[in-house]
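Notes follow once the structure below has been shown.
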Amino acid sequence: MSDLGDWFRSIPLITRYWFAASIAVPLVGKLGLINAVNLILWPENFLHKFQIWRPITATFYFPVGPKTGFLYMVNLYFLYQYSTRLETGAFDGRPADYVFMLLFNWICIVITGVIMNMQLLMIPLIMSVLYVWSQLNRDMIVSFWFGTRFKACYLPWVILGFNFIISGSVVDELIGNLVGHLYYFLMFKYPMDLGGRSFLSTPQFLYRWLPSRRGGVSGFGVPPASARRAEDDQPAAGRRHNWGQGFRLGD
């Protein structure tokens, strides 16, 4: 038990709470402590009966059973691996920025869920985080099952196909990928690579609640050409390069 406790405490803070909630809420529903009907999104009750907890519980709840248990465990593994890698890699030392990414993705997924009458939001949020990691490490070679190897940028689509084989549906995975792409494009690709304006920024109140630590990474992507030329004119000591941190699946 001490080894398990040490492992759990070693998980980064935000990922630790997310991971724990994704175990606790399904367990509560499985044990019947709370009726599972009260844990799903159910847009009609959320909008018209003011059951405002539903978007939150639907993010952590998953109906675990003989036919869904393997899919649940696989996605729990993806949550642990890729959220940990983002929180300790590209977002290292900047918990407010990581929480903002999760909040942005979550809000987009909740809106989509209400429009599309979805009930569960766990997989879309996990896939959105996995997608962001894959784009920040797009040229990293990852290994998947049966020794297959490919660039990380293809990983979300490989997992989409993998989950389709398991569950027969790709709606949750597709929504997660699209939301992750929206965040990545607005936060990194458009302002940094294409020289556009920045549409997303972390609210100051999150920085007050979750102050950044010194030494954290604070930049992404490749700057636009104009920015790179300006940087080339600076002394080498004044330059700063920040990159996402990659890994191989299963390491």
Side-chain angles (χ1 to χ4, degrees), residues 12 14-15 18 55-56 59 78-79 82-116 118 121-140 151-157 159-160 170-212 216-231 240-246:
I14 299 167
T15 302
W18 184 11
I56 299 173
T59 303
F78 290 152
L79 186 165
Y82 294 101
S83 181
T84 295
R85 295 292 173 168
L86 269 185
E87 190 175 351
T88 60
F91 290 90
D92 183 34
R94 303 186 309 115
D97 293 330
Y98 189 57
V99 167
F100 175 70
M101 183 200 72
L102 291 177
L103 286 175
F104 175 84
N105 290 1
W106 176 71
I107 290 171
C108 292
I109 290 169
V110 169
I111 293 172
T112 305
V114 169
I115 294 172
M116 297 184 61
M118 297 170 59
L121 307 180
M122 174 186 282
I123 291 178
L125 186 59
I126 293 172
M127 288 300 299
S128 71
V129 169
L130 187 152
Y131 186 93
V132 173
W133 178 89
S134 72
Q135 295 306 306
L136 292 176
N137 300 274
R138 58 182 303 108
D139 293 324
M140 178 75 179
K151 288 186 176 181
C153 59
Y154 301 119
L155 182 60
W157 307 107
I159 292 176
L160 183 148
V170 297
V171 174
D172 290 345
E173 292 79 3
L174 184 59
I175 291 173
N177 286 355
L178 293 177
V179 169
H181 180 76
L182 178 63
Y183 173 83
Y184 175 77
F185 181 81
L186 293 178
M187 180 62 79
F188 306 130
K189 188 70 176 179
Y190 185 65
M192 295 185 179
D193 290 359
L194 302 179
R197 60 170 294 188
S198 178
F199 290 97
L200 297 179
S201 61
T202 303
Q204 288 301 314
F205 74 87
L206 286 179
Y207 287 121
R208 290 194 293 269
W209 290 350
L210 300 166
S212 299
V217 180
S218 58
F220 306 86
V222 179
S226 59
R228 290 198 298 270
R229 286 194 298 269
E231 185 182 16
R240 181 173 58 186
H241 301 275
N242 302 286
W243 308 94
Q245 185 178 32

Ignoring hydrogens and angles, write down the donor-acceptor pairs under 3.5 Å from the side chains of residues 123-130, residues two or more places apart or on other chains.
{"residue": "Ser128", "atom": "OG", "partner": "Asn105", "partner atom": "ND2", "Å": "3.1"}
{"residue": "Ser128", "atom": "OG", "partner": "Leu125", "partner atom": "O", "Å": "2.7"}

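Counting heavy atoms from C-beta outward, Leu79 and Met122 have side chains that stay 4.5 Å or more apart. At least one side-chain heavy atom of Tyr98 sits under 4.5 Å from a side-chain heavy atom of Met101. By the 4.5 Å heavy-atom criterion applied to side chains, Met187 and Val132 are not counted as neighbours.
Nearest heavy atom pair, residue Ala90 against residue Leu136, reads CB-CD1, 3.7 Å. Closest of all the heavy-atom pairs between Leu121 and Pro55 is CD1-O, 3.9 Å. Taking each heavy atom of Pro95 and Ser212 in turn, the nearest pair found is CD-CA, 4.4 Å. In terms of heavy atoms, Pro191 sits closest to Leu186 at CD-O, 3.3 Å. Nearest heavy-atom pair, Asn137 versus Ala152, reported as atom, atom and distance to 0.1 Å: O-CB, 3.1 Å.
Tyr183 and Phe188 have perpendicular rings, their planes meeting at more than 60° on a 0 to 90° scale where under 30° would count as parallel.
Here the side chain of Gln135 pairs no donor or acceptor atom with the backbone of Tyr184 at under 3.5 angstrom.
Note: Leu102 CG to Glu87 CD = 8.5 Å, rounded to the nearest 0.5 Å. Of the inter-residue distances, the one linking Thr112 atom OG1 with Leu178 atom CG reads 8.5 Å to the nearest 0.5 angstrom. The distance from atom CH2 of Trp133 to atom OG1 of Thr84, rounded to the nearest 0.5 Å, is 12.5 Å.
Sorted by first and then second residue, the salt bridge (Lys or Arg N to Asp or Glu O under 4.0 Å) pairs with a member in residues 128-139 read Asp139-Lys151; sequence neighbours excluded.
By the side-chain hydrogen bond (donor to acceptor under 3.5 Å, both in side chains) test, Thr59 is found to be paired with Trp106, residues two or more places apart in sequence or in another chain being considered. The ring-ring contact (aromatic ring centres under 6.0 Å, His included) search around Trp157 returns none, not counting sequence neighbours. Tyr207 pairs by the side-chain hydrogen bond (donor to acceptor under 3.5 Å, both in side chains) definition with Asp97, not counting sequence neighbours. Tyr190 pairs by the ring-ring contact (aromatic ring centres under 6.0 Å, His included) definition with Phe185, Phe199, not counting sequence neighbours. Taking Pro203 as the reference, Phe100, Phe205, Leu206 meet the side chain to side chain contact (heavy atoms under 4.5 Å, CB included) condition, with sequence neighbours excluded.
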Evaluate side-chain contact (heavy atoms from CB on, under 4.5 Å) for Tyr131 paired with Val179, printing each intermediate quantity in order.
-> CA-CA 9 Å; Tyr131 186 93; Val179 169; over 6 Å; no
